[in-house]
Amino acid sequence: MKRILLLFLAVSMLLMTGCASKQSTPATKKVQVAVSIYPLAEFVRAVGGEKVQVNTLVPAGVEAHSYELSATDMKTITQAQVFVYNGGGMESWADKVEQSLKDKPVKILQAGKGLFVKLDEEHQHDEHKDEHKHEEHKHEAGHVHDHGGFDPHVWLDPVLASKQVAAISETLQAADPTNKEYYQKNAAAYQAELNKLDQEFKAMRAQAKQDAFVTTHSAFGSLAKRYDLHQIAIMGITPNVEPTPQALANLINLVKKEQIKYIFFEELVSPKVAQTIAAEAGVKTLVLNPVEGLTKAQQEKKVTYLELMRQNIANLKIALENK
């Protein structure tokens, strides 16, 4: 009996020691990534998976162009291992952040670098381009927002979005070399989805009877150039400056002349101007989403970038086929 009791105590001690060692093993730390805007955050999640913790700076329901960083945002960025932003004027505060990170071990990725599409004359309407050619786009906060004639909305072109995903993968590999293959595999899988999206856009374009579309602000330069479409913007790159009465009148005449049947608006910006033009021209409105951010309802439903882009394909198909 004594031997049995000693054996029982020894086994009990071993089991307790094993449990304690399991409990004391720290969980694998995730790579902390601060990301400026929704589409890039989605790309980081797709590549990083369970190995990353993504902190998106521009919250749901807020228009990205007019967002101003808070002290909490700056703390999030400085405590991150990786900071991802788009560039091209999309984030008016990016230069200041880069300066503040100079002496900190944060890996910085400007995901749009080298990918910005020039808003040249070929992709602007002759009567409308002069309204915005030299316009200073101002934020609601009163800051000048100059994009230098380039479209920063890189992610709206699936081919360029794939390049952003590749850059994100490389940055995560540099920050966390142990999981290099994991990031490579995830990036390749998501790039395959982007390739499918590209094929769907091509199929939509092949069936289109028109190539011109009217949208709230000129966020679709990259997309238009990729698929040989003709973007006519009511406002400039930043959707906070309303057009002049003369510009509105010109646009209404253009809509009638070109027999355009739909005016596109976006969910994070007031649709009033688009609705006014549609009413005056006797046409309808539809959503064309620049995918800069989610509405709060979309965030709750966990709507994805791919879903929003496919909604854009569906609505472009309606508008360009004049259904």
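Scope of the values below: all heavy atoms of this structure, side chains included, with no hydrogens, waters or symmetry mates. Quick note: residue numbers are just sequence positions, from 1.
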(message) Using side-chain contact (heavy atoms from CB on, under 4.5 Å), reason through Gln210 and Lys261 one step at a time and then give a plain yes or no.
(response) CA-CA 11 Å; Gln210 282 192 318; Lys261 303 297 181 186; 5.9 Å; no

(message) Please evaluate residues Lys51 and Tyr182 with respect to the criterion side-chain contact (heavy atoms from CB on, under 4.5 Å), reporting the C-alpha separation (whole Å), side-chain torsions for both, the decisive distance (0.1 Å), and the verdict.
(response) CA-CA 9 Å; Lys51 308 292 184 186; Tyr182 177 85; 3.2 Å; yes

(request) In sequence, state the C-alpha distance, the side-chain angles, and the governing distance for Asp151 and Leu156, and then conclude on side-chain contact (heavy atoms from CB on, under 4.5 Å). (result) CA-CA 10 Å; Asp151 181 5; Leu156 290 172; 6.0 Å; no

(request) Could you check Asp211 against Arg205 for side-chain contact (heavy atoms from CB on, under 4.5 Å), going step by step and ending with a plain yes or no? (result) CA-CA 8 Å; Asp211 65 356; Arg205 180 65 183 94; 3.5 Å; yes

(message) Working note: Asp73 + Ser70, criterion side chain to side chain donor-acceptor pair (under 3.5 Å); need CA distance, chi angles, decisive distance, verdict.
(response) CA-CA 5 Å; Asp73 291 330; Ser70 66; 3.1 Å; yes

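A 4.5 Å side-chain heavy-atom check between Ile234 and Ile263 finds at least one atom pair inside the cut-off. At least one side-chain heavy atom of Asn250 sits under 4.5 Å from a side-chain heavy atom of Gln246. Within the 4.5 Å cutoff, no side-chain heavy atoms of Val82 are placed close to those of Val52. A heavy-atom distance below 4.5 Å is found between the side chains of Val33 and Leu172. The side-chain heavy atoms of Val154 and Phe116, taken from C-beta on, include a pair separated by under 4.5 Å. Contact check for Leu57 versus Trp93: side-chain heavy atoms found under the 4.5 Å cut-off. For the pair Tyr38/Gln299, no side-chain contact is recorded, criterion being any heavy-atom separation below 4.5 Å from C-beta on. Between Tyr227 and Asp198, the closest side-chain pair of non-hydrogen atoms falls below 4.5 Å.
If you take NZ on Lys104 and CD on Gln79, they are separated by 10.5 Å, rounding to the nearest 0.5 Å. The distance from the CD1 atom of Ile277 to the CG atom of Leu248 is 5.0 Å, given to the nearest 0.5 Å. Between the CD1 atom in Ile252 and the NZ atom in Lys257 there is a gap of 15.5 Å [rounded to 0.5 Å]. Taken to the nearest 0.5 Å, the OG1 atom of Thr216 stands 13.5 Å off from the NZ atom of Lys272. Once rounded to the nearest 0.5 Å, the distance linking CG of Asn186 with CZ of Arg45 reads 14.0 Å. The CD atom of Glu280 sits 13.0 Å away from the CD atom of Gln275 when rounded to the nearest 0.5 Å.
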Indicate every side-chain donor-acceptor pair of residues 301-310 with a distance under 3.5 Å to a residue at least two apart or in another chain.
residue, atom, partner, partner atom, Å
Thr304, OG1, Glu307, N, 3.1
Tyr305, OH, Trp155, O, 2.6
Glu307, OE1, Thr304, N, 2.9
Arg310, NE, Glu200, OE1, 2.8
Arg310, NE, Glu200, OE2, 3.2
Arg310, NH2, Glu200, OE2, 2.9

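Ile318 and Val287 are members of different hydrophobic clusters when ILVMFWY side chains are connected at heavy-atom separations under 4.5 Å. Cluster annotation: Ile37 and Val291 are assigned to the same hydrophobic cluster (Ile/Leu/Val/Met/Phe/Trp/Tyr, side-chain heavy-atom contacts under 4.5 Å, transitive). A continuous path of ILVMFWY side-chain contacts below 4.5 Å connects Val44 to Ile108, so both sit in one hydrophobic cluster. Under a hydrophobic clustering in which Ile, Leu, Val, Met, Phe, Trp and Tyr are joined whenever their side-chain heavy atoms come within less than 4.5 Å, directly or via other members, Phe265 and Ile260 fall into different clusters. No single ILVMFWY cluster, assembled from side-chain heavy atoms under 4.5 Å apart, contains both Leu268 and Met235.
Within 6.0 Å of atom CD in Glu181, 12 or fewer heavy atoms from other residues, nucleotides or ligands are found, so the atom counts as exposed in its surroundings.
A donor-acceptor pair under 3.5 Å links the side-chain atoms of Gln231 to the main chain of Phe220, judged by distance alone. The backbone N or O of Pro158 sits nowhere less than 3.5 Å from a side-chain atom of Ser162 that would complete a donor-acceptor pair. Put simply, the side chain of Asn315 never gets that close to the backbone of Leu288: no donor and acceptor are under 3.5 Å apart. A distance-only check finds no donor-acceptor pair linking the side chain of Ser222 to the backbone of Pro152 [under 3.5 Å]. In this structure, the side chain of Gln32 does not engage the main chain of Gln81 through any donor-acceptor pair within 3.5 Å. The main-chain N or O of Val165 is never found under 3.5 Å from a side-chain atom of Ser169 such that the two would form a donor-acceptor pair. Looking at Asn195, its side chain never comes within 3.5 Å of a backbone N or O of Ala192 through a donor-acceptor pair.
Residues Tyr183 and Asp176 come closest through the heavy atom pair OH-OD2, 2.6 Å. The minimum heavy-atom distance linking Ala278 with Thr285 is given by the pair CB-CG2, 3.6 Å. Of all the heavy atoms in Ala319 and Tyr262, the pair that sits closest is CA-CD1, 3.7 Å. Listed here is the closest heavy atom pair of Val117 and Gly221: CG1-O, 4.0 Å. Summarising the geometry of Ala161 relative to Leu194, their closest heavy-atom pair is C-CD1, 3.9 Å, with the distance given to 0.1 Å. Residues Pro39 and Glu292 come closest through the heavy atom pair CD-O, 3.5 Å.
Using bins of under 30°, 30° to 60° and over 60° for the plane-to-plane angle, the ring pair His65/His217 lands in the perpendicular bin.
Considering Val159, Asp157, Leu223 as possible partners of Phe201, the one that fulfils the side-chain contact (heavy atoms from CB on, under 4.5 Å) test is Leu223.
Defined by atom type and a distance below 3.5 Å, a donor-acceptor pair is missing between the side-chain atoms of Glu91 and Asn86. No side-chain N or O of Gln110 forms a donor-acceptor pair with one of Glu98 less than 3.5 Å apart.
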